[in-house]
2 protein chains.
Amino acid sequence: MQHPESLQYLGVRDDIAARIAGGEFKPGERLPSERQLQIGGGVARGTVREALFQLEAEGVIYRKDRSGWYVSPPPVVYDPTRWEGFMSYVEAQGRRPATETLSKTDIVCDGMLAEIFSRPIGSPMYWIRRRRSVDGRAVLFESIVVDASLAPGLIDHDLNGSLTSVLKSVYGIGVARNKVDMRPCALTGEEAEALRVKSGLPGLNLVRTCYDAQGRVVEFDREHWRHDSLKISVDIRVR
Amino acid sequence: MQHPESLQYLGVRDDIAARIAGGEFKPGERLPSERQLQIGGGVARGTVREALFQLEAEGVIYRKDRSGWYVSPPPVVYDPTRWEGFMSYVEAQGRRPATETLSKTDIVCDGMLAEIFSRPIGSPMYWIRRRRSVDGRAVLFESIVVDASLAPGLIDHDLNGSLTSVLKSVYGIGVARNKVDMRPCALTGEEAEALRVKSGLPGLNLVRTCYDAQGRVVEFDREHWRHDSLKISVDIRVR
DNA sequence: TCTTAGACTTGGTCTAGACCAGTGCGCTCC
DNA sequence: GGAGCGCACTGGTCTAGACCAAGTCTAAGA
């Protein structure tokens with residue numbers, strides 16, 4: 001830990017990082033295969049992989065399963081206090097956003113949701129699962145619950161755009177308050193599968209609770225982001 | 001990626017996770033050694049390590065270099081909009097905080113700082129590096145720059161407590177606005193060393209810029225957190 | 001009682017293989 | 001020109017070792 005200069009994988013890591021910084025590999029491009037990098041450096045494949053994992057943790061590169069290692073594009077900047085919807089937000093940064101609705105179903109309130117929404121157990125809710133991409137790469141998986149009594153028929157609409165704007169334009173529901181919880185996590189299970197990443201890759205878990213002007217919970221949203229795709233920027237007055 | 005049930009390391013991971021959840025190992029306690037876990041599961045040490053890395057990424061366990069793997073205590077909750085200082089914050093959650101000042105020096109504004117502080121290049125500044133711990137475990141490394149003209153003699157004070165309260169009580173400077181940038185990162189170099197973690201471990205990078213009531217930048221703070229030690233909770237009104 | 005030296009344990013690094021499953025490309029056939 | 005097939009290549013998983021450096025503990029010595 002104190003002798004980085006003597007560790008082979010750190011040498012390989014810095015080597016690859018320098019080649020990326022030097023422009024030999026550009027964002028979105030594929031790196032040489034692990035076995036090729038191995039020959040170049042005269043080290044075992046495990047050592048090369050350790051170096052690649054480090055660069056992945058730093059967000060410099062990412063992998064497509066059994067396809068190769070690629071240079072990461074810059075992350076998307078996200079200000080939870082200025083949330084105008086994913087699509088317009090990403091577009092404003094000159095990137096190409098996309099949304100896929102993976103499922104939309106009727107459910108009923110369980111105990112946890114009942115508490116969040118302050119509604120009785122068994123109340124009708126909508127449950128929506130979406131995957132969102134930037135420039136063709138899946139960066140975000142979200143699982144949304146909406147109070148069906150506030151937005152009846154919501155899931156019959158096209159939900160591949162901004163949910164916020166559908167709530168606003170169709171149902172007249174505006175979001176007045178946002179509660180956001182964030183924590184680093186590992187992407188596992190359905191999140192890892194939806195984002196097509198190896199289970200265990202670090203990510204960011206973001207839980208949003210949206211309230212309308214009357215203080216009712218409109219939307220409860222659990223988001224899982226790739227760790228290398230998001231930069232959060234908050235500007236707030238201290239209370 | 002779609003057949004988790006057939007992968008050995010996921011089996012080992014779930015095994016260990018279940019033993020932790022079942023109370024066999026409690027927060028702060030050490031797990032059996034990798035070689036012992038290996039015998040128990042009948043797998044190679046590399047496979048056991050892969051399972052441990054996954055649990056580490058999930059924040060379930062952490063490691064002390066060459067000492068062993070330990071069960072993680074719960075994370076600290078941090079609301080950047082209600083910042084009252086690390087010490088009181090952690091104490092309010094029933095934990096034991098500690099701060100070590102690693103260095104405090106006079107510096108002069110370089111180009112980047114000049115822009116942030118809106119001060120001429122060469123202006124005097126103070127540069128403070130601190131390590132902060134919860135229950136004896138280092139969780140946060142921070143590098144702070146303070147405008148020396150606003151708080152002359154600041155570094156002669158004891159800085160192992162709350163910097164905010166020193167600025168307030170000694171210099172009458174209150175923080176009125178906070179700009180916070182957050183992004184997942186890998187802990188490397190001096191951060192990794194200060195937190196005594198392996199270089200490349202995922203972490204959270206938090207950059208705070210504090211403004212006083214006149215809009216002057218008082219403090220510029222770069223924090224690196226262990227990824228498993230922090231949960232961020234923001235409650236905001238949408239603008 | 002406190003310190004110290006040394007043995008032992010632990011995780012950290014590294015090698016050199018093996019086999020598997022999914023990707024992607026080129027070739028063939030229609 | 002398009003569709004389908006097959007194979008080479010890629011990363012993913014796993015084994016079975018080796019050696020090292022730093023942490024930990026114990027027993028001897030001051």
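When reading the values below, keep in mind they use all heavy atoms of this one structure, side chains included, and skip hydrogens, waters and symmetry mates. We name chains A, B, ... by the order of the sequence lines, and we start the count at 1 in each one.
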Under a 4.5 Å cut-off applied to non-hydrogen side-chain atoms, are A/Lys198 and B/Gln54 in contact?
-> yes
Return the value, rounded to whole Å, for the distance between atom CD1 of B/Ile39 and atom C1' of D/dG17.
-> 15 Å
Any ion pair linking B/Arg129 and B/Glu190 (charged N to carboxylate O, less than 4.0 Å)?
-> yes
Is any side-chain N or O of A/Tyr9 closer than 4.0 Å to OP1 or OP2 of C/dC14?
-> no
Under 4.0 angstrom between A/Gln8 side-chain N/O and C/dT15 OP1 or OP2 = yes
Would you name the heavy atoms of B/Lys179 and A/Ser233 that are closest together and state the gap between them?
-> NZ-OG, 3.6 Å
Thinking salt bridges, do B/Arg137 and B/Asp228 make one under a 4.0 Å N-O criterion?
-> yes
Phosphate OP1/OP2 of D/dG11: any A/Arg49 side-chain N/O under 4.0 Å = no
D/dT24 C1' sits how many Å from B/Arg66 CZ, rounded?
-> 13 Å
Can you check whether B/Ser33 has a side-chain N or O nearer than 4.0 Å to OP1 or OP2 of C/dT10?
-> yes
For the pair made of NZ in A/Lys64 and P in D/dG11, what is the distance, rounded to whole Å?
-> 13 Å
hbond_proxy B/Arg35 side chain to C/dG11 base (donor-acceptor, 3.5 Å cutoff) = yes
Once you round it to whole Å, what is the distance between P of C/dG11 and CG of B/Leu201?
-> 16 Å
Hey, which of these two, A/Gly46 or B/Leu31, hits DNA chain C nearer its 5' end, going by closest nucleotide?
-> B/Leu31
So what does A/Arg63 touch, heavy atoms closer than 4.0 Å: a base, only the sugar-phosphate, or nothing?
-> sugar-phosphate
Is there side-chain contact between A/Trp127 and A/Leu113, with at least one heavy-atom pair below 4.5 Å?
-> no
For D/dT24, does either OP1 or OP2 sit under 4.0 Å from a side-chain N or O belonging to B/Ser67?
-> yes
Ignoring hydrogens and angles, are the base of C/dG12 and the side chain of B/Arg45 linked by a donor-acceptor pair under 3.5 Å?
-> yes
Measure from the side chain of B/Ala44, starting at C-beta and using heavy atoms only, and say which of C/dG11, C/dT15, D/dT15 lies closest.
-> D/dT15
Find the distance A/Glu34:CD to C/dA16:P and express it as a whole number of Å.
-> 16 Å
Side-chain N,O (B/Lys198) to OP1/OP2 (C/dG11) below 4.0 Å | no
Could you please name the option among C/dG11, C/dT13, D/dC14 that lies closest to any side-chain atom of A/Leu7?
-> C/dT13
What's the CD-P distance between A/Gln38 and D/dG12, to the nearest Å?
-> 14 Å
Could you state the atom-to-atom distance from CZ of A/Arg196 to P of D/dG11 in whole Å?
-> 19 Å
Spacing of B/Asp65 atom CG relative to C/dT9 atom P, expressed in whole Å = 19 Å
